[in-house]
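Taking it in order: structure first as structure tokens, then the write-up.
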Amino acid sequence: MNTNLTRRGTVAAGVGTLLIPLALMLGTPAQADVRAEPVGPACATLPQEGEGSAEAMVDDPVATAASNNPELSTLTAAIEQAGLVDTLNDAENITVFAPTDEAFEKVPQADLDALLADRDQLTEVLTYHVVGEEVAPGDLADGTFETLQGDDLTTDEVDGAYVVNDSAKVVCGDLETENATVHLVDTVLLPPESTSSPS
């Protein structure tokens, strides 16, 4: 009698031991699929489905995803002009502070044309928008990040909105692509030492 009880207890304990890691394994994929939705006023202007939507961007590397986003047509043209498509698509776990078309519209046309015609200067400006690590929304409240251009950019939270370099607002944050986190900003960022960039 005691022997049977001992055996039953041993079996029950063994089954319980197996069930614990099994439950953990089954729970992991469901947790991994959960991610925050993009937030900000400009998110509402993105397509709700198909190419350019937040859901579709996840499947493409960042330069390709940007080319499908209707808010980023000028940025896409600039990336192609600078020859940075492969550089951005091949990078891993980067963050792009992506100026929207409205951001580029703030730049005087003559200055924008001059920038697009100067590949070295264009590359410097564009790589200043890219950070070589993942920057989640929670990191934007008070952050300093080194860009691929080499200079730092800063982020703060002001009146409930995230602001980059005290000037550019994040208008749609936490868009995910295959290899990057993208935050749409409403102003073109300029490197501190840039002398011939648009004003």
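The figures that follow rest on heavy atoms only: side chains count, while hydrogens, waters and symmetry mates do not. Along the sequence shown, the residues carry numbers beginning at 1.
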Beyond-backbone contact of Thr95 with Phe145, side-chain heavy atoms, under 4.5 angstrom = no
Which atom names give the shortest non-hydrogen contact between Tyr162 and Ala141, and what distance separates them?
-> CE2-N, 3.8 Å
The reported gap from CG in Leu84 to CG in Asp90 (rounded to nearest 0.5 angstrom) is 11.5 Å
Nearest heavy-atom neighbours spanning Ala63 and Val85 | CB-O, 3.8 Å
Of all heavy-atom pairs between Thr155 and Asp139, which one has the smallest distance, and what is that distance?
-> OG1-O, 3.9 Å
Of all the heavy-atom pairs spanning Leu46 and Glu71, show the shortest one and how long it is.
-> CD2-CG, 3.9 Å
Got a second to check how far Glu80's CD is from Leu116's CG, nearest 0.5 Å?
-> 11.5 Å
Indicate, with yes or no, if Leu190 and Val170 share a hydrophobic cluster defined by side-chain heavy-atom contacts under 4.5 Å among Ile, Leu, Val, Met, Phe, Trp and Tyr.
-> no
Can Leu140 be reached from Val62 by stepping across I, L, V, M, F, W or Y side chains whose heavy atoms are under 4.5 Å apart?
-> no
Smallest heavy-atom separation, Ser53 atom then Gly50 atom, equals OG-O, 2.6 Å
Checking Thr177, Asp59, Asn89, Asn179 against Thr64 for side-chain hydrogen bond (donor to acceptor under 3.5 Å, both in side chains), the one that qualifies is Asn89
With distance as the sole test, does Asp101 use its side chain to make a donor-acceptor pair with the main-chain N or O of Ser73 at under 3.5 Å?
-> yes
Steps toward side chain to side chain contact (heavy atoms under 4.5 Å, CB included) verdict (Val131, Glu146) | CA-CA 6 Å; Val131 172; Glu146 184 178 357; over 6 Å; no
Heavy-atom side-chain contact between Thr74 and Glu105 under 4.5 Å | no
Interatomic distance, CD@Glu124 vs CG@Asp151, rounded to 0.5 Å, equals 7.5 Å
Is Val164 reachable from Val125 through a run of hydrophobic residues whose side-chain heavy atoms are each under 4.5 Å from the next?
-> no
Tested for side-chain contact (heavy atoms from CB on, under 4.5 Å) against Val171, the lone hit among Val185, Thr187, Val39, Leu184 is Leu184
Any chain of hydrophobic side-chain contacts (each under 4.5 Å) joining Leu88 to Leu175?
-> yes
Does the side chain to side chain contact (heavy atoms under 4.5 Å, CB included) test come out yes or no for Met57 and Asn68, once each step is laid out?
-> CA-CA 8 Å; Met57 288 179 70; Asn68 293 325; over 6 Å; no
When hydrophobic residues are tied together by side-chain contacts of less than 4.5 Å, even through go-betweens, does Leu189 share a cluster with Val135?
-> yes
For Leu126 and Leu75, run side chain to side chain contact (heavy atoms under 4.5 Å, CB included): C-alpha distance rounded to whole Å, both residues' side-chain angles, the deciding distance at 0.1 Å, then the answer.
-> CA-CA 9 Å; Leu126 292 177; Leu75 176 63; 3.8 Å; yes
Pairs satisfying side-chain hydrogen bond (donor to acceptor under 3.5 Å, both in side chains), at least one member in residues 128-138, at least two apart = Tyr128-Asn165
So which heavy atom on Thr127 is nearest to which on Thr147, and how close?
-> O-CB, 3.7 Å
Tell me yes or no: between the side chains of Thr144 and Asp152, is some donor less than 3.5 Å from an acceptor?
-> no
Check for a donor-acceptor pair, side chain of Asp186 on one end and backbone N or O of Lys169 on the other, with a separation under 3.5 Å.
-> yes
Got a second to check how far Thr123's OG1 is from Arg119's CZ, nearest 0.5 Å?
-> 6.0 Å
